[in-house]
Amino acid sequence: MSDLTKNAVDVLPEGRLAEQLGAGRPLRVKLGIDPTTADIHLGHTVVLEKLAEFQRAGHTVVLIIGDFTARVGDPSGRSSTRPLPSAEEIEANAATYQEQAFKILDRGRTEVRRNSEWLRMPPEDLLGLLARATVARLLERDDFQKRMAAGTGVTALELLYPLLQGYDSVAVDADVELGGTDQKFNLLFGRSVQEAYGKPPQSIITLPILVGTDGVQKMSKSLGNYVGVTDPAPEMFGKLMSIPDAAMPEYFRLLLGAEQPAEPPNRAKRELARRLVDRFHGAGAGERAEAAFNRVFVEHAVPDDVRELELDPFLGANGGNEVHLPRLLAAAFDLSSSEGRRLLAQGGVKLDGEPVPAGALDIPASLLDGKILQVGKRRFRRLVVGPPRNS
RNA sequence: GGGGGAGUGUCCGAGUGGUUAAAGGAGACGGGCUGUAAACCCGUUGGCUAUGCCUACGCAGGUUCGAAUCCUGCCUCCCCCA
């Protein structure tokens with residue numbers, strides 16, 4: 001019992017969860033995720049790990065893929081209406097979400113449902129649902145209050161979101177629903193909806209929102225400050241090494257369930273990164289990622305798995321056998337050729353570790369073949385003439 | 001339905017006829033320092049076949065030698081009244 005509420009911010013209503021657990025029956029523990037982006041990141045795993053704890057205690061997890069609600073747009077914590085993903089994106093994301101969630105959840109104790117199963121209901125049923133809540137209640141939430149005060153609009157669709165999420169709880173007979181603290185209103189509202197349908201109201205548990213790698217904003221794909229559970233090991237390690245020291249205690253507590261060890265910050269952060277890489281890539285992956293990290297950032301050497309780039313398509317400048325560097329950079333690192341020029345002008349481009357002189361825009365292919373093209377500290381490509389020699 | 005206000009570059013936000021590819025800030029990127037931390041310093045930040053050319057201030061037209069700035073229509077958003 002005490003385990004199951006560790007790290008929780010709210011466990012409501014008071015005493016309810018203890019009662020439910022005391023009854024000895026396996027509980028149906030619900031989590032809804034809207035497939036609005038492609039990847040599950042470490043922020044999601046805080047809640048997923050909690051679900052896994054419930055599973056280990058013998059309870060059943062009901063994972064709801066919000067393929068219908070993704071088309072409505074959860075207003076939680078938003079300062080403006082979010083752009084909605086297309087049907088194709090939702091479909092694609094729904095598939096990857098499940099796969100990624102099972103990196104943490106026990107497949108055998110998880111019931112996966114899509115809320116389009118029940119939310120795609122006849123209009124008269126939908127109206128029946130709408131009749132069960134008052135506008136005043138829907139407007140209570142403070143994120144709406146803020147938005148209305150700020151003059152940014154709230155769409156009628158967003159207003160309805162909590163009703164739909166609440167109906168999910170009705171549809172799956174949820175005993176408990178988990179979510180981030182930003183979900184508190186929606187979770188509580190679900191109780192009202194269940195009651196309105198004559199069902200026993202769920203208890204709710206909210207968990208802290210993990211801060212992103214910038215250490216300031218919540219972790220989110222759209223903010224670009226996330227660590228995806230499917231990120232390659234070296235990338236995951238690197239991203240974790242880049243978090244501000246101030247964010248470390250939170251990462252230790254929420255992701256590892258431990259206190260930050262009393263050792264120099266750099267050592268602690270390496271441990272954090274190793275352990276998390278191990279978790280998602282298997283034992284030993286953390287050490288390998290750390291070794292690769294040391295090679296690039298401590299020894300300033302070239303990583304051992306540099307992708308190759310074929311030079312042939314870029315031949316042609318100055319009579320045929322020179323390569324126009326801005327274009328090469330653009331293709332190699334997904335830049336514009338103007339950006340490539342700027343990097344050259346700023347001395348940010350190296351060949352085999354040697355800075356390329358600012359004025360050099362065209363270089364004979366023979367001088368590039370086999371060399372390592374580098375931009376900044378961490379972007380590399382091995383240049384080759386002819387077909388790639390390895391993958 | 002009536003009245004009022006607003007739409008600027010990745011974001012925020014100046015700019016009301018002419019050195020404006022558009023102040024300033026944030027973010028991002030490059031360089032320095034370093035622990036891919038923080039803090040700090042410097043630089044860059046529309047695109048291109050690049051000493052020039054093209055595109056750009058909601059959309060479409062118009063006035064003008066010249067428009068983000070003026071006019072007309074349209075679209076979108078917000079506020080107040082009903």
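Note that these values count all heavy atoms, side chains included, but never hydrogens, waters or copies made by symmetry. To find a chain, count down the sequence lines: A is the first, B the second, and so on, and within it residues start at 1. From a predicted model like this one, the values you see are computed outputs, not experimental measurements.
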* Reckon A:Arg342 has a side-chain N or O less than 4.0 Å from the OP1 or OP2 of B:G47? -> yes
* Side-chain donor-acceptor pair present, A:Asn115, A:Arg120, cut-off under 3.5 Å -> no
* **Separation of atom CG in A:Leu361 from atom P in B:C48, rounded to whole Å** => 13 Å
* Asked: Can a side chain N or O of A:Ser242 be found less than 4.0 Å away from OP1 or OP2 on B:A37?
  -> no
* **Distance between P atoms of B:G66 and B:A50 (Å, rounded)** => 30 Å
* NA contact type, A:Leu335, heavy-atom cut-off 4.0 Å: base, sugar-phosphate, or nothing? -> nothing
* To do: Pick the P atom in B:A67 and in B:C57, then give their distance to the nearest Å.
  => 12 Å
* Between B:G43, B:U36, B:C29, which nucleotide has the shortest distance from any of its atoms to the side chain of A:Gln346? -> B:G43
* B:U49 OP1/OP2 closer than 4.0 Å to side-chain N/O of A:Ser337 -> yes
* To do: Pick base, sugar-phosphate or nothing for A:Pro244, based on heavy-atom distances below 4.0 Å to the nucleic acid.
  => sugar-phosphate
* Separation of the P atoms in B:C53 and B:G58, to the nearest angstrom -> 26 Å
* Measure from CG on A:Asp214 to C1' on B:U36 and round the result to the nearest Å. => 15 Å
* To do: Whole angstrom is fine here: how far is it from CD in A:Gln374 over to C1' in B:G30?
  => 12 Å
* Knowing that exactly one of A:Phe280, A:Phe293, A:Phe297 qualifies, which makes a ring-ring contact (aromatic ring centres under 6.0 Å, His included) with A:Phe237? -> A:Phe293
* A:Glu339 CD to B:G9 P, straight-line distance once rounded to whole Å -> 18 Å
* To do: Following the transitive rule for hydrophobic clusters with a side-chain heavy-atom cut-off under 4.5 Å over Ile, Leu, Val, Met, Phe, Trp and Tyr, establish whether A:Val277 and A:Leu210 coincide in one cluster.
  => yes
* To do: Measure the distance from CG on A:Leu344 to C1' on B:C29 and round it to the nearest whole Å.
  => 14 Å
* Where each pair must be Watson-Crick or G-U wobble with both distances under 3.5 Å, what dot-bracket representation of RNA chain B is obtained, with crossing pairs in [ ] and other-strand partners as |? -> ((((((((.[[[..)..(.....]]]((((((.......))))))(((...)))...[[[[[..)....]]]]]))))))).
* Asked: What is the distance from CE of A:Met241 to P of B:U34, rounded to the nearest Å?
  -> 16 Å
* Asked: For the side chain of A:Arg378, counting heavy atoms from C-beta on, which of B:G30, B:G35, B:U36 is nearest?
  -> B:U36
* Asked: Between A:Gln202 and A:Ser169, does any side-chain donor sit less than 3.5 Å from a side-chain acceptor?
  -> yes
* Is A:Gly238 touching bases, backbone alone, or none of the nucleic acid, heavy atoms closer than 4.0 Å? -> base
* Counting any heavy atom closer than 4.0 Å, what does A:Arg327 reach on the DNA or RNA strands: base, sugar-phosphate only, or nothing? -> sugar-phosphate
* To do: Give the rounded distance in Å between these two atoms: CZ of A:Phe297 and C1' of B:G35.
  => 12 Å
* **C1' atoms of B:G27 and B:U10, separation to the nearest Å** => 8 Å
* Expressed in whole Å, how much space separates the C1' atoms belonging to B:G13 and B:A82? -> 35 Å
* Under 30°, 30 to 60°, or over 60°: which ring-plane class applies to A:Tyr197 and A:Tyr167, parallel, tilted or perpendicular? -> perpendicular
* Counterpart residues, side chain to side chain contact (heavy atoms under 4.5 Å, CB included), relative to A:Thr230 (two or more places apart) -> A:Asp39, A:Gln100, A:Lys103
* Closest-nucleotide 5' rank along RNA chain B - winner of A:Val375 and A:Phe237 -> A:Val375
* To do: Taking only the side-chain nitrogens and oxygens of A:Arg341, find out if one of them lies under 4.0 Å from OP1 or OP2 of B:A50.
  => yes
* Asked: Are the side chains of A:Asp173 and A:Lys199 in touch, meaning some heavy atoms are under 4.5 Å apart?
  -> yes
* For B:U16 and B:A68, measure between their C1' atoms and round to the nearest Å. => 9 Å
* Kindly confirm or rule out a cation-pi arrangement of A:Lys239 over A:Tyr226, judged by NZ or CZ under 6.0 Å from the six-membered ring centre and within 45° of its axis? => yes
* Could you work out the separation of B:A23 and B:C33 based on their P atoms and round it to a whole Å? => 31 Å
* A:Arg379 side-chain proximity, nearest of B:U44, B:U36, B:C29 -> B:C29
* To do: Please report the closest heavy-atom contact between A:Ser203 and A:Leu17, naming both atoms and the distance.
  => OG-CD1, 3.9 Å
* To do: Name the residue closer to the 5' end of RNA chain B, choosing between A:Val349 and A:Ser338 according to the nucleotide with the nearest heavy atom.
  => A:Val349
* To do: Report which part of the nucleic acid A:Ser336 touches: base, sugar-phosphate, or nothing (heavy-atom distance under 4.0 Å, all strands).
  => sugar-phosphate
* To do: For the residue pair A:Thr69 and A:Asp34, confirm or rule out a side-chain donor-acceptor distance under 3.5 Å.
  => yes
* Structure fact -> From CD of A:Glu290 across to P of B:G35 the rounded distance in Å is 15 Å
* Please confirm whether any donor atom in the side chain of A:Asp245 sits under 3.5 Å from an acceptor in the base of B:G35, or the reverse. => yes
* When rounded to the nearest Å, what value does the distance between C1' atoms of B:G30 and B:C78 take? -> 41 Å
